[in-house]
Amino acid sequence: MNRKRAITVGFFLAFFTMLLLSSCDKETRKEPEPNPEKGIYQVYYKDVKGTELLASTVNLEDDAKDRQSVVDALIQALQSQKKDDPSMVPAVSAGLEVISCDSSLLPFLTINFTKSYSEQSSGDEILCRAALVLTLTQIPEIEYIDIQVEGQPLLDSSGKPVGKLSADKFMSDTNGNMFSRQKNTLILYFASTDGKALEEVERTVLNDSSMAMEKLVMQLLIEGPPDGSTKAVLPDTVSVLDISIRSGICYVNFDSNFLNDTMDLDPKIIIYAIVNSLSELSDVSQVQIMVNGSSDVKFKDTLSLAKPFTKDLNYLFVQEKETEGGTLSGE
């Protein structure tokens, strides 16, 4: 009995010793805290799924001779595979060629890429943009990053300049998660190929987790359908000036191109593509459409925008189905 107790005690002593050694080993392998004054920076990579950013520290003490050398070293690190961790891949592709970096107008750093930057998918570009900003704004006196493509301002999906970006644009969310993309499945409405009805299209997308869902819906409507099975209801020249949800009503404020550059479709097809798509969101029951802040507008000189619209599936195309008595179709 005493021998069993001695073995048991010995086992647990050995077990806890292993835990202690393991803990000490983890402490010794723990990455150093970022300290730009000593040349220690965090470099942001993306995970292999391409859905979020991950940070790892690098020591640039030997390379930190001046600000420009730090900028060059961090961009090189951003574009390099992390050798000791294959789960972290470059968020800034090595194929993205930097034409120039200019930090002469502090607190701004301007990075000018070749056109290859604009050839990234929208999801990859979001993570690339965030990694650049979060990494490079650690450099003392650099607070904003201005990304350019061939000397021209970087544009967002609606064609507007992204502008100068600071780190707080991409900081952790309220749950403490690093800036990331999330997967969403949305129901959108586009015009049928003959333009006479609406068709329901399911889209699954990865998007910036901080983007409001109503804004994402409008972005996808303006981008148009993913294939040729349906037709776009809005041209890419249209911009959403503002969009918000209050008390179940989604307020969408378009620029004047909504009136001037409309598609050659029945006005109700266009309006209800917007209304039905936004009404698929759980917190939207009605949609108020405005142009330059005013709802006192007649769309295509026929359809008043004065009051909020409610979802209406009467314009939905129904595929003809075989029945015993012939065919059944709907408008």
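If you read the sequence from its start, that first residue is 1, and numbering goes on from there. Please read these numbers as outputs of a predicted model, since none were measured by experiment.
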* Asked: So Glu199 and Lys231, salt bridge (charged side-chain N to carboxylate O under 4.0 Å, His left out) or not? Walk me through it.
  -> CA-CA 9 Å; Glu199 289 203 38; Lys231 292 175 62 175; over 6 Å; no
Evaluate whether atom [atom1] of [X] has more than 12 neighbouring non-hydrogen atoms of other residues, nucleotides or ligands under 6.0 angstrom away.
X      : atom1 : answer
Lys311 : NZ    : yes
Gln79  : CD    : yes
Lys300 : NZ    : yes

What distance do [X] atom [atom1] and [Y] atom [atom2] have between them, rounded to the nearest 0.5 Å?
X      : Y      : atom1 : atom2 : result
Asp102 : Leu109 : CG    : CG    : 8.0 Å
Asp242 : Met290 : CG    : CE    : 7.0 Å
Phe254 : Leu241 : CZ    : CG    : 9.5 Å
Leu132 : Thr137 : CG    : OG1   : 10.0 Å
Ser277 : Glu200 : OG    : CD    : 9.5 Å
Leu136 : Ile145 : CG    : CD1   : 5.0 Å

May I ask you to decide if [Y]'s main-chain N or O and [X]'s side chain share a donor-acceptor pair within less than 3.5 Å?
X      : Y      : value
Asn253 : Asn292 : yes
Asp47  : Glu52  : yes
Ser239 : Asp255 : no
Asn112 : Gly151 : yes
Gln152 : Val149 : no

Contact between [X] and [Y] at the side-chain level, heavy atoms closer than 4.5 Å - yes or no?
X      : Y      : result
Thr135 : Val92  : no
Val58  : Leu74  : yes
Phe258 : Val291 : yes
Leu281 : Leu186 : yes
Ser279 : Val287 : yes
Cys250 : Val252 : yes
Tyr41  : Ile139 : yes
Ile111 : Gln148 : no

* **Pair Asp72-Ser69, side chain to side chain donor-acceptor pair (under 3.5 Å): steps then yes or no** => CA-CA 5 Å; Asp72 293 341; Ser69 64; over 6 Å; no
State, to 0.1 Å, how close [X] and [Y] come at their nearest heavy-atom pair, and which atoms those are.
X      : Y      : answer
Val238 : Ile222 : O-CD1, 3.6 Å
Ala197 : Asp194 : N-OD1, 4.2 Å
Ala232 : Leu265 : O-CD1, 3.7 Å
Gln81  : Pro90  : OE1-CD, 3.5 Å
Tyr315 : Ile269 : CB-CD1, 4.2 Å
Lys82  : Ser56  : NZ-OG, 2.8 Å

Are [X] and [Y] in one and the same hydrophobic cluster, where Ile, Leu, Val, Met, Phe, Trp and Tyr link if side-chain heavy atoms are under 4.5 Å apart?
X      : Y      : result
Ile187 : Leu313 : yes
Val297 : Phe299 : yes
Leu278 : Leu316 : yes
Leu60  : Val98  : yes
Val284 : Val201 : yes

Check whether the side chains of [X] and [Y] place a donor and an acceptor atom closer than 3.5 Å, and report yes or no.
X      : Y      : value
Asn257 : Thr237 : no
Tyr117 : Glu150 : no
Asp85  : Ser87  : yes
Ser229 : Asp227 : yes

* List the steps and the verdict of side-chain contact (heavy atoms from CB on, under 4.5 Å) for Leu106 and Ile142. => CA-CA 6 Å; Leu106 292 173; Ile142 293 178; 3.9 Å; yes
* To do: Output, in order, the C-alpha distance, side-chain angles, deciding distance and verdict of side-chain contact (heavy atoms from CB on, under 4.5 Å) for Asp312 and Lys268.
  => CA-CA 10 Å; Asp312 190 341; Lys268 291 184 178 180; over 6 Å; no
* Asked: Would you call Lys164 and Glu143 a salt bridge, using N to O less than 4.0 angstrom?
  -> no
* Check step by step if side-chain contact (heavy atoms from CB on, under 4.5 Å) holds for Asp283 and Met213. => CA-CA 10 Å; Asp283 51 351; Met213 295 303 294; over 6 Å; no
* To do: Take Glu214 and Val217, measure what side-chain contact (heavy atoms from CB on, under 4.5 Å) needs, and give me the verdict at the end.
  => CA-CA 5 Å; Glu214 62 272 19; Val217 168; 5.6 Å; no
* Ring geometry between Phe309 and Tyr272 (parallel below 30°, tilted from 30 to 60°, perpendicular above 60°) -> perpendicular
